[in-house]
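Every chain is numbered from 1 and lettered A, B, ... according to where its sequence line falls, protein lines coming before strand lines.
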Protein chains: 2
Amino acid sequence: MKLSQRGEYAIQALLVLGMYHGPEVIRIKDIAKRQNIPRRFLEQILNDLKSGGFVQSRRGVAGGYRLERTPEEISLSEIIRHIEGPLESSHSLSLGDKKHNLHSDEAAKCAINFVMQDVRSAIVEVLEAVTLSDLCRRVREIQGPMENPPDYII
Amino acid sequence: MKLSQRGEYAIQALLVLGMYHGPEVIRIKDIAKRQNIPRRFLEQILNDLKSGGFVQSRRGVAGGYRLERTPEEISLSEIIRHIEGPLESSHSLSLGDKKHNLHSDEAAKCAINFVMQDVRSAIVEVLEAVTLSDLCRRVREIQGPMENPPDYII
DNA sequence: ACAATACTTGACTAAATTGGTCGAGATTCT
DNA sequence: AGAATCTCGACCAATTTAGTCAAGTATTGT
């Protein structure tokens with residue numbers, strides 16, 4: 001299980017929006033700067049997150065993004081599922097059809113898929129339990145101890 | 001978590017060797033045929049599995065492959081780790097170094113990595129518990145019920 | 001001895017994925 | 001009107017993945 005760069009950026013962006021969650025909107029530019037993400041790439045990602053119902057956007061000169069739901073309502077599993085594709089898919093060889101004789105390679109693939117399904121369940125179980133809010137807390141704990149001021153958005 | 005084709009083939013090949021485990025050796029050609037794996041590709045994979053200590057080979061006219069260890073001694077985690085690369089790696093941002101101020105993107109990446117480490121642990125926990133022997137049993141259960149004879153290797 | 005069989009090695013290639021860029025347009029604030 | 005900002009879709013380069021190929025080397029049956 002490795003997160004793609006795209007996936008990591010998406011979570012980082014949502015983290016910023018989560019940390020400053022409120023009625024106001026944050027500009028792409030600022031998110032990109034804070035998290036050190038290529039601006040154009042981030043545009044794509046935020047657009048994707050918008051179509052997934054994670055964020056809202058405002059256009060125009062005072063435009064930007066904000067979360068569509070509260071950080072407590074967004075789980076990591078949802079984010080990753082949306083950005084990296086379905087987490088539980090496995091096209092698992094119907095197997096209900098008994099008329100159809102299984103070749104030995106099909107039997108093998110099927111057995112392997114059973115295990116991989118267990119793996120996927122374990123992954124989902126972990127990710128389901130972590131909300132964006134949890135992650136925000138984590139970030140605060142990490143950068144809290146050191147007293148460098150929040151380095152406000154320019 | 002998705003298995004690469006290469007990884008799936010590797011497990012399928014080991015499954016064949018596991019099902020017919022004994023002192024005798026099985027030819028690449030037969031494994032390829034039974035599991036419907038491109039022969040040349042399978043050669044590469046078996047070679048890799050050999051250098052990983054999973055299988056032995058015998059050259060010459062009566063050559064082929066067999067397991068180097070018993071199916072009970074081989075866990076899925078080992079196989080996947082060897083074929084797909086380290087399962088637990090995460091170069092997790094030392095964080096011990098307090099002198100070094102964390103930028104907000106580093107803090108975010110760090111928080112994300114903590115969660116991903118949990119995910120990886122969960123994956124390993126599942127894979128660690130499944131041996132090649134377990135998988136072989138699974139395969140027998142799947143193809144057992146239907147009474148098509150084992151379709152012996154030609 | 002020697003032909004047949006089979007593994008060994010490393011280079012090669014085509015297709016898919018990933019990470020990222022670009023330009024033109026649409027929208028909103030002042 | 002004009003500047004700032006999001007929007008949309010096409011585009012591109014590097015990497016990875018899946019797979020092929022050829023020229024070896026080792027072993028064994030006869």
Side-chain angles (χ1 to χ4, degrees), chain A residues 1-13 16-17 23-33 35-68 80 83-86 89 105 109 153-154, chain B residues 1-13 16-17 24-68 80 82-86 105 109 153-154:
Chain A
M1 179 74 183
K2 74 174 211 302
L3 217 44
S4 68
Q5 195 61 250
R6 191 187 177 86
E8 185 162 15
Y9 286 161
I11 299 176
Q12 287 180 248
V16 173
L17 297 180
E24 333 77 46
V25 105
I26 300 180
R27 288 177 298 181
I28 281 190
K29 192 208 297 183
D30 294 323
I31 301 175
K33 194 167 293 177
Q35 294 296 315
N36 208 33
I37 301 172
R39 196 175 171 289
R40 291 308 202 118
F41 196 22
L42 182 57
E43 287 181 14
Q44 255 189 40
I45 293 168
L46 283 170
N47 223 314
D48 192 2
L49 287 174
K50 182 186 176 185
S51 76
F54 295 96
V55 302
Q56 296 174 336
S57 67
R58 247 181 84 93
R59 308 229 264 201
V61 71
Y65 286 90
R66 65 183 291 274
L67 294 182
E68 174 135 6
I80 293 180
I83 214 86
E84 310 262 17
S89 96
D105 66 317
K109 281 177 202 285
I153 302 172
I154 303 167
Chain B
M1 177 74 183
K2 75 173 210 301
L3 217 42
S4 68
Q5 196 60 250
R6 190 186 177 85
E8 185 162 17
Y9 285 160
I11 298 176
Q12 286 180 249
V16 173
L17 297 181
E24 333 76 45
V25 102
I26 300 181
R27 286 178 299 183
I28 280 190
K29 192 207 296 183
D30 295 322
I31 300 176
K33 194 168 293 177
R34 271 186 84 79
Q35 295 296 316
N36 208 35
I37 301 172
R39 196 175 173 290
R40 296 304 204 124
F41 196 20
L42 182 56
E43 287 182 14
Q44 255 188 40
I45 294 167
L46 282 170
N47 222 315
D48 192 2
L49 287 175
K50 183 185 175 185
S51 78
F54 296 96
V55 301
Q56 297 173 336
S57 68
R58 242 180 85 95
R59 310 230 261 199
V61 72
Y65 285 90
R66 65 184 292 274
L67 295 182
E68 175 137 3
I80 293 180
H82 181 257
I83 215 86
E84 311 261 18
D105 66 317
K109 281 177 201 285
I153 302 171
I154 303 168

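At the phosphate of dT18(C), neither OP1 nor OP2 sits under 4.0 Å from any side-chain N or O atom of Y9(A). Note on K29(B): every side-chain N or O is 4.0 Å or more away from OP1 and OP2 of dT5(C). Proximity of N47(B) to the phosphate of dC7(C): no side-chain N or O atom is located under 4.0 Å from OP1 or OP2. Contact between the side-chain N/O atoms of S57(B) and the OP1/OP2 oxygens of dT8(C) is found at a separation under 4.0 Å. Proximity of R6(B) to the phosphate of dT16(D): no side-chain N or O atom is located under 4.0 Å from OP1 or OP2. Here K50(A) does not reach the OP1 or OP2 of dC6(D): none of its side-chain N or O atoms lies under 4.0 Å away.
A donor N or O paired with an acceptor N or O is found under 3.5 Å between the base of dG23(C) and the side-chain atoms of R40(A). Within 3.5 Å, no donor on the side chain of Q44(B) pairs with an acceptor on the base of dT8(C), nor the reverse.
Nearest-nucleotide mapping onto DNA chain D: of E84(B) and V61(B), the residue sitting toward the 5' end is E84(B). Along DNA chain D, the nucleotide nearest to G7(B) and the one nearest to R39(A) differ in position, and the one closer to the 5' end is contacted by R39(A). Comparing K2(B) and R59(B) by the nucleotide of DNA chain C whose heavy atom lies nearest to each, the residue mapping closer to the 5' end is R59(B).
Across dT28(C), dA6(C), dC6(D), the shortest atom-to-atom separation from the side chain of R58(A) is found for dT28(C).
In this structure, K33(B) does not pair ionically with D30(B), as no charged nitrogen and carboxylate oxygen lie closer than 4.0 Å.
Taking CZ of F41(B) as the start and CD of Q5(B) as the end, the distance is 7.5 Å to the nearest 0.5 Å. With values rounded to the nearest 0.5 angstrom, D105(A) atom CG is found 9.5 Å from Y9(B) atom OH.
Nucleic acid contact class of I28(B) (heavy atoms, under 4.0 Å, all strands): sugar-phosphate only.
Contact detail for I31(B) and V16(B): the closest heavy-atom pair is CG1-CG1, 4.3 Å.
The nearest whole Å value for the distance from the CG atom in L3(A) to the P atom in dT18(C) is 12 Å.
Side-chain polar atoms of Q44(B) and R6(B) form a donor-acceptor pair below 3.5 angstrom.
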